[in-house]
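Counting convention: from 1, in listed order, for ligands and their atoms alike. Positions are given from 1, in the same order as the sequence printed here. As a basis for the values below, the full set of heavy atoms in this structure was taken, side chains included, without hydrogen atoms, waters or symmetry mates.
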Amino acid sequence: MAAKRYLFTPGPTTVPPEVLAALAEPVVHHRGSDFRAVYQECLQRLKQIFRTSSEVLLFTASGTGAMESAVANLCSPGNRVVVVSAGSFGERWAQIAERYGCEVVPVRYEWGETPAADDLAAALRDTNGARAVFLTQSETSTGVVADVQALAAAARPSGAHVVVDAISSVGAVPLEVDAWGIDVACAGSQKALMTPPGLAMASVSDAVWAPEGRSSSPRYYFDWDRTRRAQEQLDSAFTPATSLVVALNVALGLILDAGLEQAFERHRLLGRACREGAKAMGLELFSPDDDSAAVVTAIKTPEGIDATELVSLLRDRYGVQLANGQAQLKGKVFRIGHIGYYDVFDIATALGAVELGLAELGADIERGVAVTKALDVFAEGAKV
Ligand SMILES: *Cc1c(COP(=O)(O)O)cnc(C)c1O
């Protein structure tokens, strides 16, 4: 028999049974009244999740589709844009903007560092007429969750549009699109929103809808005006992944029924339990050792152990899927995602598997302490 599968990556994530059941319902037509009702509810719930009164545009695409739509709709060739980057996903913003002919002014950090609002403010003071500032809330490649509220505040005096990649953070850590003055926030279905991959979202502020908010870059499928016009009539410009929309609506209902604040608290506690458990077995964290790191914990492998080997061993032998480091961190760190449909027993399973795997690879770690520590920390935190 094949090993039971555990999905402990920062996307895709495990999908709850209610959402899986919705995916098994018969396919409906996207212009029929039964779909429209679900579509309307889903779009409404997205506004609540993003904490915005503006329209949240929904695309059939992975999260990167929403990111590309932001660049295409906001930036014309030759526009100057500031990109804050401290990891793989910040670099993605820079690559997309370059592809669209923007002049990219980087505010670049070593991978794993936490961006500072002062650096952004200084870069904007030195940059004439920045069209947009691109930020990453949760840099999934390093585990750092940036202070997007402070960064957006630092960007405001410049008048540049503030665009945030919140793909792995929305639903896991606080994001206040309207209150923090975020013009565009991008998300994807397969992270903390507990739905399979395939849907992308972008909230778009009123400031961006003004005529001067438009770019001259070519676009068709990802044209925001077309998408908004269609959504306003509960129509969709193209055939959406209807089954995924039905599923996302169920997932968003689960999150909102339990309460967003409760979700944030649960993610904080899971992150803490994961970090303390990892440290207890003698491992060194790559991601920050504080409660901001509530999305994914990046852990360094002990001297002489290749993270690629560890991740393969755990997947092939035990069915436990963790994430390797990305790009320059590949083989050096492994990552445990703890977002969405995830609880402390998932942390225990992940840490238990890491312990077994590392011991098998000959690492000198202390066995039998990580799971106990994680459960202790969770129980302590759950009391208060
Ligand atoms: C997952 C992720 C993406 C990419 O999303 P895709 O759905 O793979 O296109 C972008 N940014 C961040 C921060 C992510 O975690």
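For CZ of R214, the number of neighbouring non-hydrogen atoms (other residues, nucleotides, ligands) closer than 6.0 Å is greater than 12.
No side-chain heavy atom of K191 sits less than 4.5 Å from a side-chain heavy atom of V170. A 4.5 Å side-chain heavy-atom check between I299 and V354 finds every atom pair outside the cut-off. In this structure, D235 and R31 have side chains that are in contact, with non-hydrogen atoms separated by less than 4.5 Å.
Geometrically, ligand 1 and G63 share a nitrogen or oxygen pair separated by less than 3.5 Å.
In terms of protein heavy atoms, atom 3 (C) of ligand 1 is closest to F89 CE2, 3.3 Å. Remark: minimum distance from atom 15 (O) of ligand 1 to any protein heavy atom is reached at T140 OG1, 2.5 Å. In this structure, atom 4 (C) of ligand 1 lies nearest to the protein heavy atom R92 NH1, 3.4 Å. Shortest contact from atom 14 (C) of ligand 1 to any protein heavy atom: K191 NZ, 2.9 Å.
Short contacts between ligand 1 and S62, defined as distances under 4.0 Å to a heavy atom of the residue, involve ligand atoms 6 (P), 7 (O), 9 (O). If you number the atoms of ligand 1 from 1 as listed, the ones under 4.0 Å from a heavy atom of T64 come out as 4 (C), 5 (O), 6 (P), 9 (O). Numbered from 1 in the order shown, with element, the atoms of ligand 1 that lie under 4.0 Å from a heavy atom of D165 read 10 (C), 11 (N), 12 (C), 13 (C).
At least one heavy atom of Q190 lies less than 4.0 angstrom from ligand 1. Contact analysis leaves E139 out of contact with ligand 1, as no non-hydrogen atom separation drops below 4.0 angstrom. The shortest heavy-atom distance from S138 to ligand 1 is under 4.0 Å.
Relative orientation of the F134 and W93 rings is tilted, given thresholds of 30° and 60° on the angle between their planes.
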- request: Apply side-chain contact (heavy atoms from CB on, under 4.5 Å) to the pair F378 and I347, showing each step before the final yes or no.
  value: CA-CA 10 Å; F378 181 83; I347 296 282; over 6 Å; no

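Aromatic ring centroids of Y318 and Y6 lie 6.0 Å or more apart.
Expressed to the nearest 0.5 Å, how far OG of S312 lies from CD of Q321 amounts to 9.0 Å.
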